[in-house]
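Written out below as structure tokens is the structure these notes cover.
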Amino acid sequence: TSIGGALVFARHANQARAFVGWNAVADVRNLLELDAVATVSSPVNPFELVLAITGFGEATQAEALGAAYAYGEAFASDDEEDEESAIKRQLEEHVPNLANAILQENEIGTTFVHSGGAAEEGGTVLSIGLTWLYTLNHAESGIAKNAQVNQRAETLWAGQLANQDVTVSSAGNVSSVNYAGNPSVLNIISNSAETGAGGFFDGIFIQNRAISSIDDLAAVKAARDVSINAVTDTHVVTVVFSGDYVDGSAINGAVAWNRVKSHTFANIEDRAAVEAGRNLAIDAQSDTTAITLTPAVAIGGEKGVGVGASFTSIIDRTRAWIGDRAEVVPPGGYGGVTGEVTAGNDLVLSARSNPVAWAVGASAGLATGQSTSSGSGPSGTVSQGDAGVGGSTGVGIAGSVSLVIVNQTVEVFLDDAVTVSAGNRIDLDAFGNPVLVSGAGAFAFGDSSTAIGGSYAHNQLNQKVRAWVDNAAVDA
């Protein structure tokens, strides 16, 4: 009997902040730039993982790439005047870089779990792997309460403020590549087990935030432009692969859950005073891609059972606004200071969200069949006859499930008793463009017996995209 097990549990947080603090006084002649960038990166490009998980190791991967290149060459004409085939052109462009990336042994992704084993004839192999990963990435920049920005600049540099800008920006970047599984060429070559079972699970939970703001009671002025922008960029790929090839019974399951929460906020609070001599822009943009793949392959002589389940969830909130972040302000405010935002030319608020969610569950349960009994007649001094009673039987079962859920909120608004004016135009733009892909496939084969296959795929989108003006004095 061979038993292998592996466990990964990881929690990590990363943050970046850039601020003009409470009650601070700051004056610049040209550019005041507050920029917070928080990045969690993976050593592996997410889209190269698919080619790196076959379990064949560096040598076989190199051979596969070489074979693909050779086929591309074969499709090309020997005539020098003929154009190269599209396949060859693609290989020429991508194979060298891809080979360099895949064949780096230190590039194993954000998490990597492998568990496998081999046993002699008649033995049992059991492989189990679990991954739990929690990631928090937070970028925030802002001008805090009661801060005074460029309020003395005209006195300090009279006539020299033509290039004066104020920029508040934040960016949260996350790239996560996760793999779990037991396929290995060495295991397959050296394994003669009668029974094999493997179960693998990856739970990947990502939070990515970018917040840029000008807070209540801050006074901010720029002779040219004021820009407030927040960007989140999240890419997560998780592959869980479970497989066995044994003489008797093989049972394999692969399950993965990718959950991504993205918050992207850019705003001016309702009691801030902000003045831009030319343009004022508030922009929030979110790009999230989450891909979950769970192939499970079970091949046995008598029984093969394979189950693959993929779950992908994206919760995205993208907002750009002038107003109160926490609560609704009644008309006329609370009787204290109310905000005023002025742009000499254009005032533009925009929020854009582009989530892409994939979940693919694939399974195969194959029973190839084997001899179930044999016999011979009685023997003595005289042979009365020999008989062989044999046959083959097998049961193959395969099941796959894939589920994609996207909750998207995109909002742009002017609200909460603010006064907003622009010399040319005021533009509010909210845009949401989700892509949901869910696929499930099951293949079952039972030699001269039973084969059962089933699959289920489901997409669910809860979307709210809004732009509005309410409880605000607007002049353009």
Side-chain angles (χ1 to χ4, degrees), residues 34-38 137-143 166-174 206-215 225-235 260-270 272 274 276 279-290 314-329 339 341 343 346-357 406-416 418 420 422 424-436 461-472 474 476:
L34 303 172
D35 187 20
V37 179
N137 191 57
H138 183 99
E140 186 170 1
S141 62
I143 298 174
V166 174
T167 299
V168 180
S169 61
S170 61
N173 307 305
V174 174
I206 308 291
Q207 294 187 60
N208 193 17
R209 304 171 184 166
I211 301 172
S212 299
S213 64
I214 297 178
D215 210 343
D225 297 333
V226 174
S227 176
I228 305 166
N229 60 80
V231 176
T232 55
D233 191 12
T234 311
H235 296 279
V260 179
K261 289 185 177 181
S262 176
H263 290 178
T264 314
F265 297 159
N267 79 294
I268 297 174
E269 283 292 298
D270 59 303
V274 181
N279 296 323
L280 192 152
I282 303 174
D283 179 68
Q285 181 163 326
S286 170
D287 291 287
T288 301
T289 300
I314 295 178
I315 302 172
D316 182 281
R317 296 183 64 198
T318 304
R319 305 176 76 194
W321 77 96
I322 300 175
D324 195 283
R325 177 186 300 183
E327 57 185 323
V328 176
V329 176
V341 178
D346 293 340
L347 193 155
V348 178
L349 291 83
S350 59
R352 294 177 175 267
S353 170
N354 304 288
V356 178
V406 174
N407 294 289
Q408 182 187 47
T409 302
V410 186
E411 295 178 327
V412 177
F413 61 88
L414 305 175
D415 208 335
D416 302 317
V418 297
V420 178
N424 183 35
R425 69 186 179 101
I426 297 176
D427 186 18
L428 281 69
D429 179 26
F431 179 79
N433 183 33
V435 176
L436 288 72
L461 173 63
N462 303 312
Q463 184 184 45
K464 181 189 297 183
V465 180
R466 301 188 300 167
W468 77 89
V469 176
D470 187 26
N471 187 19
V474 179

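These figures come from a predicted structure and were not determined experimentally.
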Quiz item: Are any non-hydrogen side-chain atoms of Val341 and Val226 less than 4.5 angstrom apart?
Solution: no
Exercise. Return the minimal non-hydrogen interatomic distance between Gly432 and Val410, and the atom names on each side.
Key: CA-CG2, 4.3 Å
Quiz item: Under 3.5 Å, is there a donor-acceptor pair linking the side chains of Ser170 and Ser212?
Solution: yes
Quiz item: With His138, which residues qualify under ring pair (Phe, Tyr, Trp, His ring centres under 6.0 Å), at least two apart?
Solution: none
Practice problem: Give a yes-or-no answer on whether the side chains of Asn173 and Asp233 include a donor-acceptor pair shorter than 3.5 Å. | Solution: no
Exercise. Mark yes or no for whether Asp225, through its side chain, and Asn279, through its backbone, hold a donor-acceptor pair below 3.5 Å.
Key: yes
Self-check item: No-hydrogen, no-angle side-chain donor-acceptor test under 3.5 Å, Asp215 and Ser213
Solution: no
Self-check item: Side-chain heavy atoms of Leu428 within contact of Trp468, under 4.5 Å
Solution: no
Quiz item: Does any non-hydrogen side-chain atom of Ile322 lie less than 4.5 Å from one of Leu349?
Solution: yes
Quiz prompt | Thr234 and Ser262: CA distance, side-chain angles, deciding distance, side-chain hydrogen bond (donor to acceptor under 3.5 Å, both in side chains) verdict | solution = CA-CA 8 Å; Thr234 311; Ser262 176; 4.9 Å; no
Practice problem: Please name the residue in the list Ile426, Val420, Leu414 that meets the side-chain contact (heavy atoms from CB on, under 4.5 Å) test with Val469. | Solution: Leu414
Quiz item: Under 3.5 Å, is there a donor-acceptor pair between the Asp283 and Gln285 side chains?
Solution: no
Self-check item: Trp321 and Phe265 aromatic ring geometry - parallel, tilted or perpendicular at 30°/60° bounds
Solution: perpendicular
Quiz item: Just by distance, do the side chain of Asp415 and the backbone of Gly323 share a donor-acceptor pair under 3.5 Å?
Solution: no
Quiz prompt | N/O donor-acceptor pair under 3.5 Å between Asp416 side chain and Val329 backbone | solution = yes
Quiz item: With sequence neighbours left out, what residues match Asp470 under salt bridge (Lys or Arg N to Asp or Glu O under 4.0 Å)?
Solution: none
